[in-house]
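Encoded as structure tokens, the structure appears first; notes follow it.
The residues of the chain are indexed from 1 along the displayed sequence.
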Amino acid sequence: MAITDAQNPLLGEISCGSLLQQLQQIWDEVGESDDVRDTMLLQLEQECLDVYKRKVDQAAKSRAHLLQALADAKSEHSGLVLALGEKSYDIPDQSTGTIMEQLKAIAPVLDQLWKQKAERIKEFYDVQSQIQKICGEIAGSKLSEQAVTLTVDESDLSLKKLDEFHSQLQELQKEKSDRLHKVLDFVSTVHDLCAVLGMDFFSTITEVHPSLNDSVGVQSKSISNDTLSMLAKTVLALKEDKKRRLEKLQELAVQLSDLWNLMDTSIEERSLFDHVTCNVLASVDEVTIPGALALDLIEQAEVEVYRLDQLKASRMKEIAFKKQGELEEIYAHAHIEIDPEAAREKIMTMIDCANVEPSELLADMDSQIVRAKEEALSRKDILDKVEKWMAACEEESWLEDYNRDENRYNSSRGAHINLKRAEKARVLVNKIPALVDTLVTKTRMWEDDRGASFAYDGVPLLAMLDEYAMLRHEREEEKRRMRDQKKFQEQITTEPEFITRPSPNRPLGPKKVVGPRANGGGTNGTPTRRLSLNANQSGGNGVRSMTKEGKRDNSRPIAPLNYVSISKEDAASHISGTDPMPSTP
């Protein structure tokens, strides 16, 4: 080993050369042999090599640690970039630089990535916490009331994954909003129903869930499936209860109205129950007034109905006669003949002998009224046509009188009015044959369906129609004979030397015809009108008619069974002319 005497500037004045020189001086003074000196120098050299070797080993280890740190940093960088999905944080190219330079270059990038990772984890945690909370609220679990504990998956912290969580959160928030609106709608419906039914809203709604109370904030209300289901069931139950109560109240209102009408209750007394009768025709959705269907109100109406029922029993006779009068009025309007005196005597006997309960008697009379109304309804179409037929016959009678008036075309007062009426009457009279045919067809159909004869004020309608048709036919025959007689007389006037005046086989005077109604009052007090066909006022052939027992007398005519209706042209031929026309009373 070469030994220099030069001083090492790092060690100051002490150096290996100076120390070796001092060692030689010491050896010289001591007188050490060369072998000892060589051995000692070899030891010193070996010890120096060992020191260098340790230093080299330490340096190698340090380099290995740095390389490992660099590799770890690069791996960490790759992991962070992969987890964050970031491509903008590449390591600067320092492949030509030293290890320390490479480590210094990657350190700021790692710091930035770690900072971004921490922020990203916080964002994921916040989003997932909200998702988990809303899911818990929807599921109805207690997670929404407890601290949310979750673990963020740090292997994927990319913005794409974060957007997926945000999208999921938005969907859940929308679902929560929709559910909250449903809950609030249900709560509002329950509130309105409880108000109408007179029920305690607070106790009703808190039975579903305590959070539905008004004192709890909107965002804190339960929106779980169970809550929505229970709210729906509660609303359905309240609506059914409302429907039942309304039906009960309407039934009571109808009973009250019927009892009031029967007993002529004063307006002042009725007004006390206006809150009951005002909903008699209302639908379920139309009843919105608070307390309108409260139980105490229904009970009050029930008590009043019971009181009126008791009062009705004491006024049974008066009420029964009132119902009998209603029944007689229905029959009178339907032109059905009954025996009112016998019916009233029967009612008196039943009430005096107490053979029947008052409620049963009234119920039986109500059923009679219902049947009478049904009977009247079945006869309405035919009766309307009978009224038209009779009105047409009256116009026909007036038209006959008008045609016999020789001064009808004079410029007298009201002549133009009569002329217009005559025009309308001719049109109406021309429709009589078709109207009679329709009446016959409908009456026969009615009788076939009912298995009974259709009577008009006690007289069979078909007999009246047949009688009318027969007399109309006889009238036409008489009219033809009158025309022939007139022509014969004209021939005698023009050729007196060849033709002698014959005497007619029968008098040619006009005849009287009885229409559907005779003069005077009709059955059941129904007034009748004067109808005519074509006879004038001066007598004629005798008249035949049929009573309701089927016997002929001198008041109602009847037609043969092989009656054939007269055509409209024949009916119009004698109406529109100016010849005198016979009439019937």
Check: Leu184 main-chain N/O paired with Ser188 side-chain donor or acceptor under 3.5 Å: no
Which residues pass the side-chain hydrogen bond (donor to acceptor under 3.5 Å, both in side chains) test with Glu423, sequence neighbours left out? none
Derivation of the side chain to side chain contact (heavy atoms under 4.5 Å, CB included) call for Tyr468 and Cys393: CA-CA 10 Å; Tyr468 175 82; Cys393 290; 3.7 Å; yes
Is it the case that the side chain of Thr441 and the backbone of Asp437 share a donor-acceptor pair, with hydrogens and angles ignored and the cut-off at 3.5 Å? yes
With Glu477, which residues qualify under salt bridge (Lys or Arg N to Asp or Glu O under 4.0 Å), at least two apart? Arg480
Partner residues of Met365 under the side-chain contact (heavy atoms from CB on, under 4.5 Å) criterion, sequence neighbours left out: Ala320, Lys323, Gln324, Ile347, Leu361
Result block: side-chain N/O donor-acceptor pairs under 3.5 angstrom for residues 273-298, not counting sequence neighbours:
| from | atom 1 | to | atom 2 | distance (Å) |
| --- | --- | --- | --- | --- |
| His275 | ND1 | Leu272 | O | 3.4 |
| Thr277 | OG1 | Phe273 | O | 3.3 |
| Glu286 | OE1 | Ser283 | N | 3.0 |

Residues forming a side-chain hydrogen bond (donor to acceptor under 3.5 Å, both in side chains) with Lys242, sequence neighbours excluded: none
For Asp384 and Lys380: C-alpha separation, side-chain torsions, deciding distance, then whether salt bridge (Lys or Arg N to Asp or Glu O under 4.0 Å) applies. CA-CA 6 Å; Asp384 290 342; Lys380 184 178 185 301; 3.1 Å; yes
Side chain to side chain contact (heavy atoms under 4.5 Å, CB included) evaluation trace for Glu251 with Gln255: CA-CA 6 Å; Glu251 180 182 350; Gln255 294 178 9; 3.5 Å; yes
Output all residues satisfying side-chain hydrogen bond (donor to acceptor under 3.5 Å, both in side chains) with Lys322, sequence neighbours left out; order by chain, then residue number. Asp264
Glu375: what forms a side-chain contact (heavy atoms from CB on, under 4.5 Å) with it, not counting sequence neighbours? Ile336, Ser378, Arg379, Trp446, Arg450
Where is the tightest heavy-atom contact between Leu308 and Leu256, given as atom of each residue plus distance? CD1-CD2, 3.6 Å
Suppose we screen for ring-ring contact (aromatic ring centres under 6.0 Å, His included). Which residues come up paired with Tyr402, at least two apart in sequence or across chains? Trp398
Tell me the salt bridge (Lys or Arg N to Asp or Glu O under 4.0 Å) pairs involving residues 183-203, sequence neighbours left out? none
Is it the case that over 12 heavy atoms from other parts of the model lie below 6.0 angstrom from the NZ atom of Lys388? no
Could you list the residues that satisfy side-chain contact (heavy atoms from CB on, under 4.5 Å) with Met348, not counting sequence neighbours? Lys317, Phe321, Asp352
Mind checking side-chain hydrogen bond (donor to acceptor under 3.5 Å, both in side chains) for Glu299 and listing every partner two or more places apart, or none if nothing turns up? none
Please list, chain by chain and in numerical order, all residues satisfying side-chain contact (heavy atoms from CB on, under 4.5 Å) with Glu447, sequence neighbours excluded. Thr443, Ser453, Phe454, Leu462
